[in-house]
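Take a look at the structure set out below.
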Amino acid sequence: MFFDFGGFLLEKAAQAEEMCEAAFKRFDATARYNTEKTLNAFINNRVSERHLQGTTGYGYGDEGRDTLDKVFAEIMGAEAALVRHNFINGTHALTVALFGVLRPGDRLVSAAGEPYDTLKAVIGGGGGSLREYGVSYGEIAPSPDGTPDLKAIGRGVKNCKAVFIQRSRGYGLRPSITVEGISGIVKTVRDANPGAVIIVDNCYGEFAERAEPADADLIAGSLIKNPGGGIAETGGYIAGKADLVELCACRLTAPGIGAKAGCSLNQNRPMYAGLFRAPETVASALKTSAFAIALMELLGYRCSPGYDDYRTDIVATVKLGGERELRAFCEGIQAGGPIDSFAKPEPWDMPGYRDKVIMAAGAFTQGSSIELSADAPLREPWAVWLQGGASFAAGRIGVLTAAKRLLDIKGF
Ligand SMILES: *Cc1c(COP(=O)(O)O)cnc(C)c1O
């Protein structure tokens, strides 16, 4: 109708959609469950029109902010939460969680291998990293198949203050860790070191399953990913044990002030609306993801996870085989999005990343990756990380535009 993908690609697309039928049903069922959970939390906390109004200045007595924290905590199965537009991204929320909990002389252990690229500077870089504050760090490599090595974790966490678990794969190729898998790690850590504080990087995982990693002590993530529903304009969250969330609030603002101040400006409405919408948005992103995986596999590319796999996050990896293919795919994703479709993404030195990163996101919110987006560090194995798609109908077009670019450079 409006887009010309050619008969060959459209035939593959129809085949891909058929392959995904069972997965789509599961995503819809999860979204229904999570929307009911979310709606129930809004009702239980008597969310009102006045909560959507923001405050200015100190933000004392900001009931919208305080109620949003309660609603969010209830949805996450946590005692308390800190949901703030002041978190500039997920890295910032995770940084506040780490600095909130750790003190000089403490040790941090990452239980599932390397953490996300930007956290490496937070842990061991300059500019006031954990290392500069006297916090030591260790990493437990996953098993050869990429799953957490529980035996090594049991041995490796004995003398540490905090254990870090990353749910999603980051720019890695290991499988993402399900909520059940995280529970297995949590149990192992509790047995070996009952006092350790367990912090989960929950980025890209929220609402992909029916439960969140609620047996961890703290979870953190970004509002321009899943829990912002494609509507929050910025922000992040930390949720978990009330005393630990309070420590994080003191780190975000100032000791003695914690969560009791910090104005919400005009951000309460988009944060509430986005959270409410998030389960359905995540289902659309999961459909876009499964569709993309099925289609790319039909076109001969290796993807992970599989299109029919149980999902704990919205990220898919497609191995493209070379820089030219990587650029073409990202250009296609950009060209098939609603905003800046005419722009050509160029790899650049993004702050916090070691290699140049190419990012395509034709998004209403800059860099939002709950909207259809593709990104990759420019390095082996020339894979692209694809996520988002707040509307499946539009996400499908974006994926097809990218696939078309690939076929074009192969002279198909
Ligand atoms: C996106 C992401 C982060 C945080 O990234 P920001 O761009 O700072 O929001 C952290 N960990 C994982 C696994 C992620 O996917």
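Just so it is clear, the structure is predicted and the values come from calculations on it, not from any experiment. Start at 1 and go down the list; that is how both ligands and their atoms are numbered.
Between Y237 and F87, a ring centre-to-centre spacing not shorter than 6.0 Å is recorded. Here the two rings, on F24 and F291, have centers that are 6.0 Å apart or farther.
Salt-bridge check for R50 with E63: passed, with a basic side-chain N closer than 4.0 Å to an acidic carboxylate O. A salt bridge is absent between D309 and R26: the closest approach of a Lys/Arg side-chain nitrogen to an acidic carboxylate oxygen does not fall below 4.0 angstrom.
Closer than 4.0 angstrom to ligand 1 sit non-hydrogen atoms from N89, G90, T91, L94, Y116, Q166, D201, C203, Y204, S222, K225.
Side-chain atoms of Q387 do not come within 3.5 Å of backbone N or O of I370 as any donor-acceptor pair.
Taking the centre and axis of the six-membered ring of F27, the NZ or CZ atom of K287 falls outside the cone set by 45° and 6.0 Å.
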